[in-house]
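Convention: sequence-line order gives letters A, B, ...; per-chain numbering from 1.
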2 protein chains.
Amino acid sequence: MEIQLQIKMNEKLFLRDPEQSELGKKIILHSIEWIHKNGFEAFTFKKLAEAIGTTEAGIYRYFENKHRLLIYLTAWYWSWLEYQVTFQTNNIKDPVVKLKMVIHLLATMVEDDIRTSYVDESILHQIIITEGTKAYLTKRVSEDNKDHLFKPYKDLCAVIGNMILECNPHYKYPKSLASTIIEMAHFQNFFMNNLPSLTDFGKSKDEAEIVLFLEDLVFSSLQSSSVGG
Amino acid sequence: MEIQLQIKMNEKLFLRDPEQSELGKKIILHSIEWIHKNGFEAFTFKKLAEAIGTTEAGIYRYFENKHRLLIYLTAWYWSWLEYQVTFQTNNIKDPVVKLKMVIHLLATMVEDDIRTSYVDESILHQIIITEGTKAYLTKRVSEDNKDHLFKPYKDLCAVIGNMILECNPHYKYPKSLASTIIEMAHFQNFFMNNLPSLTDFGKSKDEAEIVLFLEDLVFSSLQSSSVGG
DNA sequence: TTATAAAAGATAGTAACACTATCTTTGCAA
DNA sequence: TTGCAAAGATAGTGTTACTATCTTTTATAA
């Protein structure tokens, strides 16, 4: 049984759907590799075209500009991760166990999902850690948000927020705690590897410790405010 | 009594010290205004030169490139904030009260400090929220870190980490909690104003609520792991 | 008062970037 | 076989990100 996993993307993210052609898939595949290797600042469509063996103009037929492509990649990642969360927490009753699974999925190195042939989730995860916030930290954020470009991120945040409420219906800040978990899973990873004195994991460089930190953070909050509301 | 506040900056941050000349001060003043208005992506030295009434080449005598200027602005901001933290928590004995003061300083709109004539801290604060992380989220982060360009940020983080330990010497993640407070004070603010569904403060848009959230987060963690170590 | 050196201004130039346009070729489908 | 969409090839334009050089202004020390 061979299963292909296809993620339906918002059409405003692209000019031509990259999943519908060979060139489109190459653009996704190679842009992930290129950005991972050289960073988003140095990334240009011309360089990407060279890497693929096509032309600049060809890539512009798929994406308006490199920022849109970054938003596409992040949207794809968050959609995939929400699917992972849904899948991995399926049939789990205990909301605490579910939330722990989410923290694990967010903070731990992902493995390449072979069902998505042109996306290496492991590398994409690394990109999202370093470049992900640049998708929305712009002057255009409100416009882009009106086009629902950040919906996958917001959806995932909502899913996690609901799990938090399942754990403790009286907790006052489920959405903020959810976005904190998501961002900190990545930031602590970046700090651990690049600015280690900003974390307590600089020596071990062990992602498992980030998981423990986040669990401590989350479940302390959820326990302490359980009574009264 | 007129007091001027001067912050000693790492010399690797600039080619010529902007605090030592009128043009240098204009560069700082106008770059803050320009970036606040139009965002860092659209910012160029040519446009800045026009705003100031000087030439592009003139600005290149002070800063290698716009990324270095951003690092300078963030370093300045964190230095200034560490000074604020030290000043405002001076003579406070209770570490819990100190930590609450820090959260307040981080998460609340700052007022312009008139002792720094060419820096509007209130606007700079807004810039740091949106653009601050871009200073270190790059491929060059390790090199820049070796030049100690992020020292002010790391110093502030260390100060807060020590306060955390004062509150609870057994807490296991003081540095990670410190960096979490710093980043989340800004991210929750950005989300509240731009992607409100990622927070619980979208309706009120009240910074005071971010303070309450962070206090809840921090002191839950510090209380719950107090025994045993 | 003059010499002089540093800062700033003026101007020019280049390679790369961020696109847009147009024309041709290829591949497939009715 | 014709016809159309995708891709390739090529060219062009304004902007960005610098570097270089030459001149003028300004502060100050002899």
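Side chains of A/Thr199 and A/Gln188: no donor on one and acceptor on the other come within 3.5 Å. Residues B/Ser21 and B/Tyr62 have side chains that bring a donor and an acceptor to within less than 3.5 angstrom of each other. There is a side-chain donor-acceptor pair under 3.5 Å between B/Thr116 and B/Glu121.
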Look for any protein N or O under 3.5 Å of an N or O in nucleotides 8-11 of chain D and output each such pair with its distance, or none.
from  : atom 1 : to      : atom 2 : distance (Å)
D/dG8 : OP2    : A/Thr54 : OG1    : 2.7
D/dG8 : N7     : A/Arg61 : NH1    : 3.3
D/dG8 : O6     : A/Arg61 : NH2    : 2.7

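Annotation: salt bridge (Lys or Arg N to Asp or Glu O under 4.0 Å) contacts of A/Asp155 (sequence neighbours excluded): A/Lys151.
The nearest whole Å value for the distance from the CG atom in A/Asn65 to the P atom in D/dT16 is 15 Å. Between the P atom of D/dA17 and the OH atom of B/Tyr60 lies a distance of 6 Å, rounded to the nearest Å. Note: CD (B/Glu50) to C1' (D/dT16) measures 13 Å, nearest angstrom. If you take CZ of B/Arg68 and P of D/dA17, they are 16 Å apart, rounded to a whole angstrom. Between A/Ile59 atom CD1 and C/dC17 atom P there is a gap of 13 Å when expressed in whole angstrom units. Rounded to whole angstrom, the span from the CG atom of B/Leu70 across to the P atom of D/dA17 amounts to 13 Å. Spacing between atom NZ of A/Lys66 and atom P of C/dA16 amounts to 16 Å, rounded to whole angstrom units. Nucleotide C/dA6 holds its C1' atom 14 Å from the CD atom of B/Gln20, rounded to whole Å.
Checking the phosphate oxygens (OP1, OP2) of C/dA16, no side-chain nitrogen or oxygen of A/Lys47 falls inside 4.0 Å. Put simply, B/Tyr62 has a side-chain N or O that comes within less than 4.0 Å of OP1 or OP2 on C/dA8.
Heavy atoms of other residues, nucleotides or ligands lying less than 6.0 angstrom from NZ of A/Lys25 number more than 12.
Side-chain rings of B/Phe63 and B/Phe45 stay apart, their centers remaining 6.0 Å or farther from each other.
Checking side-chain atoms of A/Asp112 against main-chain N and O of A/Ser122 turns up no donor-acceptor pair under 3.5 Å. Judged by distance alone, the side chain of B/Asn145 and the main-chain N or O of B/Val141 form no donor-acceptor pair under 3.5 Å.
Shown for residues 24-41 of chain A: no residue has heavy atoms falling under 4.0 angstrom of DNA chain C.
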B/Lys134 and B/Glu41: CA distance, side-chain angles, deciding distance, salt bridge (charged side-chain N to carboxylate O under 4.0 Å, His left out) verdict: CA-CA 10 Å; B/Lys134 295 171 191 170; B/Glu41 270 66 43; 3.0 Å; yes
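In terms of position along DNA chain C, the nucleotide closest to B/Glu22 lies nearer the 5' end than the nucleotide closest to the other residue of the pair B/Glu22 and A/Phe45.
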